[in-house]
Amino acid sequence: MAEMSVSSEVPVNNTIYINNINEKVKLDELKTSLKAIFSQFGHILEILAFKTLKHKGQAWVVFEDASAASRAIQKMQNFPFHDKPMRIQYARTKSDIIAKKDGTFVPREKKKRHEEKGKKRKEQHDALQAAMGLNLAYNGAYGATPQLSQIPYMAKSAVPEAPAPPNSILFIQNLPHQTTPMMLQMLFCQYPGFKEVRMVEAKPGIAFVEYENEAQSTQSMMGLQGFKIVPENPMSITYAKK
DNA sequence: AGCACA
């Protein structure tokens, strides 16, 4: 049985997973500074970080030896990094670059998804229509007016608190409990620049939707503000706090 | 909040 780390209950790994990283830091700067900080524990094979909604604020540092990863966790846990304490664990799975050295690497399928994409799309579309009991073609078309016929959410909150400044990520509230990520994707992917939708399991009724840029997120917000998946829940869309 | 393989 693999040796377990006490704090995280994740087995020892060559790779450390870091989160709680300041999301304002640019990717290349982030990688450079991680390299500078972690090289002292052993040879680093690779540092990975991404800027998508799901993966921002996180990074993977792959060490040649797992012992270096262990030392890094011991010594750098909660280390203040760009004004935030790093949270470090072993990565949950083996990094590809390690698997390649092992000879255990099996490339993951990506084109398969592409082949089935048309079909998947259709299924998602049908699922959403069934769930909402309406036809998207008349509702969500780019530039078309959503089911806003009634009072937009603005009218209810006479004195809203200072909103987050415009940015590429939207914060959606007042979603009905039966809302699924697929349903939201069907709605929001119709607008150009759509990247991804994210729901938080622990917090029903809200979601984040990311676009390539703020002009595109703004178009989407204007198009879908107050959209009702069910009649009693007009969705409220604001820019996400940064 | 969030575990990837640009």
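Naming: A, B, ... by sequence-line order, numbering from 1 per chain.
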Go through residues 19-36 of chain A and report each residue with a non-hydrogen atom lying under 4.0 Å from DNA chain B, sorted by number.
A:Asn19, A:Asn20, A:Glu23
Send over the distance from A:Asn14 CG to B:dC5 P, rounded to a whole Å.
18 Å
Give the rounded distance in Å between these two atoms: CG of A:Leu53 and P of B:dA4.
14 Å
Near-strand residues of residues 93-105 of chain A, defined as heavy-atom separation under 4.0 angstrom from DNA chain B:
A:Thr93, A:Lys94, A:Ser95, A:Asp96
Determine whether the side chains of A:Tyr239 and A:Ser168 contain a donor N or O and an acceptor N or O closer than 3.5 Å.
no
Heavy-atom donor-acceptor pair, A:Asn14 side chain to A:Val62 backbone, under 3.5 Å:
no
With a 4.5 Å heavy-atom cut-off, do A:Glu212 and A:Lys195 have their side chains touching?
yes
Can you classify the ring geometry of A:Tyr17 versus A:Trp60 as parallel (below 30°), tilted (30 to 60°) or perpendicular (above 60°)?
tilted
B:dA4 base stacked by A:Phe50? Criteria: ring centres under 5.5 Å, plane angle under 30°.
no
Roughly how many Å is it from CD1 in A:Ile73 to C1' in B:dC3, rounded to a whole number?
13 Å
Using a 4.5 Å side-chain heavy-atom cut-off and chaining through intermediate ILVMFWY residues, the residues clustered with A:Val106 come out as none
Give the rounded distance in Å between these two atoms: CD1 of A:Ile47 and C1' of B:dC3.
16 Å
Whole angstroms only, please: what is the CD1-P distance between A:Ile18 and B:dG2?
17 Å
For the pair made of CD in A:Glu196 and C1' in B:dG2, what is the distance, rounded to whole Å?
10 Å
Between the base of B:dC3 and the side chain of A:Gln89, is there a donor and acceptor pair under 3.5 angstrom?
yes
For the rings on A:Phe171 and A:Phe208, is their centre-to-centre separation under 6.0 Å?
yes
Would the distance check show the side chain of A:Ser70 and the main-chain N or O of A:Ala66 forming a donor-acceptor pair, the cut-off being under 3.5 Å?
yes
Interatomic distance where CE belongs to A:Met86 and C1' belongs to B:dG2 [whole Å]:
18 Å
Check every strand shown and say whether A:Lys203 touches a base, only sugar-phosphate, or nothing at a heavy-atom separation below 4.0 Å.
nothing
Would you indicate whether A:Gln173, at its atom CD, is surrounded by more than 12 heavy atoms from other residues, nucleotides or ligands within a distance under 6.0 Å?
yes
Contact check, side chains of A:Gln178 and A:Val230, non-hydrogen atoms, under 4.5 Å
yes
Rounded to whole angstroms, how far apart are NZ on A:Lys54 and P on B:dG2?
10 Å
With DNA chain B as reference, determine whether A:Leu48 or A:Phe208 sits nearer its 5' end, using the nearest nucleotide of each.
A:Phe208
Want to settle it: does A:Ala49 or A:Arg92 sit nearer the 5' end of DNA chain B, counting the closest nucleotide to each?
A:Arg92
